[in-house]
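Here's the structure we're looking at; comments come further down.
When reading the values below, keep in mind they use all heavy atoms of this one structure, side chains included, and skip hydrogens, waters and symmetry mates.
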Amino acid sequence: DVVGFASHKPAMAQVIRPLQVDPQPRYATPVRYATPSRSACRHATPGRVSPQLPMPCGWAGWAPPPPPLQPGWVAVPVAYSQVQPQVQSPAELAVGVTVRIGSVQCVISEPLGMGSFGVVWAARCDGKSKEVAVKEMICSNQTELHRAEYEISLLKTLSEVVPAPLRIPSLVSSEVAGQRVRLAMSRLPGITLDHLFTQGEFSTEEAVASARALLQQLAPTMAAISQVTYHRDVNAHNILVQAAPGAPAPEGRAPSYGLVDFGLAVDASGWCDPSPSNPGGKSEWEFLDVGGDCRYWPVSAWRQFEAGCRALVQEDFLCVEYQTHLDLQGLGLTAVQVLSSMLPGDVKAPELKRLQELWQLYWEDASCYWASLLDTFRHGGDWTALKQDFVARKVYRIMADRLRGLRAALSDALEAAAAANLSGEDSWPAGSASLFWALLAMISCGERMDSNWQEVCSRISCRGQPPVTSSRLPATSEVPMLGYLSKLRDLTAKVHELSLDFDRLLPAMGEAR
């Protein structure tokens, strides 16, 4: 789901017709490279843009999302709608249809959305009132079939290793019939997180509390998940949020978050290569498709898309980042998106205002490149030409600069919030400093940094977080928050003393002249 179509959950009352399979060859029209028009990007060159992206508002005129992008040396996969499945579904899913999936019988109630690999429906099983989510995938080849079967086994495993409360779907039942795969999962409550931003205006306290709750709830979940798999598609449209009833988050209960869609997940044991010859053809990260919504990619993913794993060898820390940091980056950028999008337009703290502005610059540039990916897919464009264009424009360096700006803004906000806490001021919402401190451990700008989920849990003050002992992750020493603030206070005092000394020297310097 490279362009994030999983976020578009069409709301409709009518029955959806079964998916129509296009019997045309791979490309019905000559392959061409389509560049976003000026309506998508205000400038011909990358910069501050406001992309007018083609967003589907219903099933009418809807185009299926592209498959995950492939590295340059791998053939571009056939689009889902252009493949003739080997096995037709005996009972097509639609509203009101009753279907048996494994040992349970489900009655389809409504569509929830569509991702790269299949359609997701809401259903009720065996007359129970509790709803489940039913996902159907029509696999066009053995690779897609193995991916679907891995998702089934993964949901079984994660239900046993992820700590309660469970914030991911659990497997109810599944069925594999030829190339058709169906699985019934527990349905998590809530709406997609990117829809929360359209629900009205929020206060600074609500914005900080919501971003903190997101990390406090999902960081321990991701710490447990990372022992088994890498999700590779953590973003605002794969996270569900159930707003707490009653009082706003700072005064009442915090919103509840959950992570869905493990369709791009990979086995952690085969994804990374700890050997000195890395990359040496011994791990999946070198040749498997670059997946996920590019707006949440780290720098290494942009470089991997442009030129493949061999380009990452030039900067070895990018190899490590791509293997271990995809999910950290995804959740970190999602938290910044929550914070920046919920902050009021007249936020008082200049550091938060600056963070908001830099996030807007980042998001507009990332969305412009996202529009290029979308346009190339929709028009049967030339992926190789698109990658060459990205290389010529040095897109991965542009995104690195944008991410570097975000990190600088987070550092400034941390310093201001920590100084206010030490001086006893209440000008910053509670927990602001620990939020910024955790985000600095998550968001990378393509430079060497050692962090893991245990470090994030420690910084954001998660209770009951599981220890991270995997040898695949770099070990870091835990830095107590109070110790960090104490060092920051001492440094601030020294800077103040130097400033006073400089003020005293100015008159003398004037007389000497």
Side-chain angles (χ1 to χ4, degrees), residues 4 6-11 109-113 115 120-125 128-135 155 158-159 162-172 184-203 205-225 231 233-262 293 296 327 330-343 429 431 435 457 460-465:
S7 63
H8 306 307
K9 317 290 185 186
S109 57
E110 63 174 326
L112 295 177
V120 181
W121 303 80
R124 299 184 185 277
C125 290
K128 298 179 181 179
S129 59
K130 188 175 182 179
E131 280 194 329
V132 298
V134 172
K135 183 176 183 178
L155 291 179
L158 292 181
S159 298
V162 174
L166 195 63
R167 301 187 183 279
I168 60 172
S170 59
L171 185 69
V172 175
M185 308 165 284
S186 59
R187 182 182 177 186
L188 300 183
I191 61 175
T192 56
L193 187 54
D194 50 0
H195 288 139
L196 175 66
F197 311 144
T198 65
Q199 299 299 307
E201 297 182 355
F202 303 90
S203 66
E205 289 74 17
E206 286 177 306
V208 171
S210 296
R212 271 179 55 81
L214 174 64
L215 298 188
Q216 287 180 320
Q217 293 177 27
L218 290 190
T221 298
M222 295 305 302
I225 288 175
H231 187 281
D233 201 13
V234 179
N235 53 59
H237 43 264
N238 281 336
I239 294 176
L240 301 182
V241 56
Q242 184 182 29
E251 301 174 7
R253 298 204 328 266
S256 177
Y257 298 95
L259 178 67
V260 297
D261 196 353
F262 285 79
D293 188 324
Y296 301 85
D327 293 346
L331 186 59
L333 288 175
T334 301
V336 175
Q337 183 179 17
V338 169
L339 176 64
S340 301
S341 300
M342 293 181 68
L343 282 173
L435 171 62
C457 289
I460 200 63
S461 304
C462 298
R463 295 181 180 179
Q465 68 269 24

*Does any non-hydrogen side-chain atom of Lys135 lie less than 4.5 Å from one of Asp261?*
yes
*Nearest heavy-atom pair of Val132 and Cys125: which atoms, and what distance?*
CG2-SG, 3.3 Å
Validation: residues 162-172 side-chain donor-acceptor distances under 3.5 Å, sequence neighbours left out:
residue: Arg167; atom: NH1; partner: Gln217; partner atom: OE1; Å: 2.9
residue: Arg167; atom: NH1; partner: Ser256; partner atom: OG; Å: 3.4
residue: Arg167; atom: NH1; partner: Tyr257; partner atom: O; Å: 3.4
residue: Ser170; atom: OG; partner: Ser186; partner atom: OG; Å: 3.1

*Mind listing the closest non-hydrogen atom pair of Leu435 and Ile460 along with its distance?*
CA-CD1, 3.7 Å
*asked:* Could you tell me if the side chain of Leu193 sits less than 4.5 Å from the side chain of Asn238, heavy atoms only?
replied: no
*Step by step, would you call Ile239 with Thr192 a side-chain contact (heavy atoms from CB on, under 4.5 Å)?*
CA-CA 6 Å; Ile239 294 176; Thr192 56; over 6 Å; no
_Please report the interatomic distance CD1(Ile225) to OG1(Thr221), rounded to the nearest 0.5 Å._
6.0 Å
*Considering non-hydrogen atoms only, spot the tightest contact between Leu112 and Ala133 and give its length.*
CD1-CB, 4.3 Å
*So do Gln242 and Pro255 actually touch side chain to side chain, heavy atoms under 4.5 Å?*
no
*asked:* Please report the interatomic distance NE2(His195) to NE2(His237), rounded to the nearest 0.5 Å.
replied: 10.5 Å
*asked:* Just verifying a value: how many Å separate Glu201 CD and Glu206 CD, rounded to the nearest 0.5 Å?
replied: 10.5 Å
*Considering non-hydrogen atoms only, spot the tightest contact between Val338 and Ala211 and give its length.*
CG1-N, 4.0 Å
*Using a distance-only test with no angle check, is there a side-chain donor-acceptor pair under 3.5 angstrom linking Asp293 and Asn235?*
no
_Nearest heavy-atom neighbours spanning Leu259 and Leu218_ = N-CD2, 4.5 Å
*Would you say Val134 and Val120 make side-chain contact, with heavy atoms under 4.5 Å?*
no
_Side-chain touch Phe202/Val208, heavy atoms, less than 4.5 angstrom_ = no
*asked:* Between Phe262 and Leu158, is there a side-chain heavy-atom distance shorter than 4.5 Å?
replied: yes
*Determine yes or no for a side-chain-to-main-chain donor-acceptor pair under 3.5 angstrom, with Ser461 supplying the side chain and Cys457 the backbone.*
no
_Which residues share a ring-ring contact (aromatic ring centres under 6.0 Å, His included) with Tyr296, sequence neighbours left out_ = Trp363
*Just by distance, do the side chain of His231 and the backbone of Val260 share a donor-acceptor pair under 3.5 Å?*
yes
*With rounding to the nearest 0.5 Å, note down the distance linking CG in Leu240 to CD1 in Ile191.*
9.0 Å
*So which heavy atom on Thr334 is nearest to which on Val234, and how close?*
OG1-O, 4.2 Å
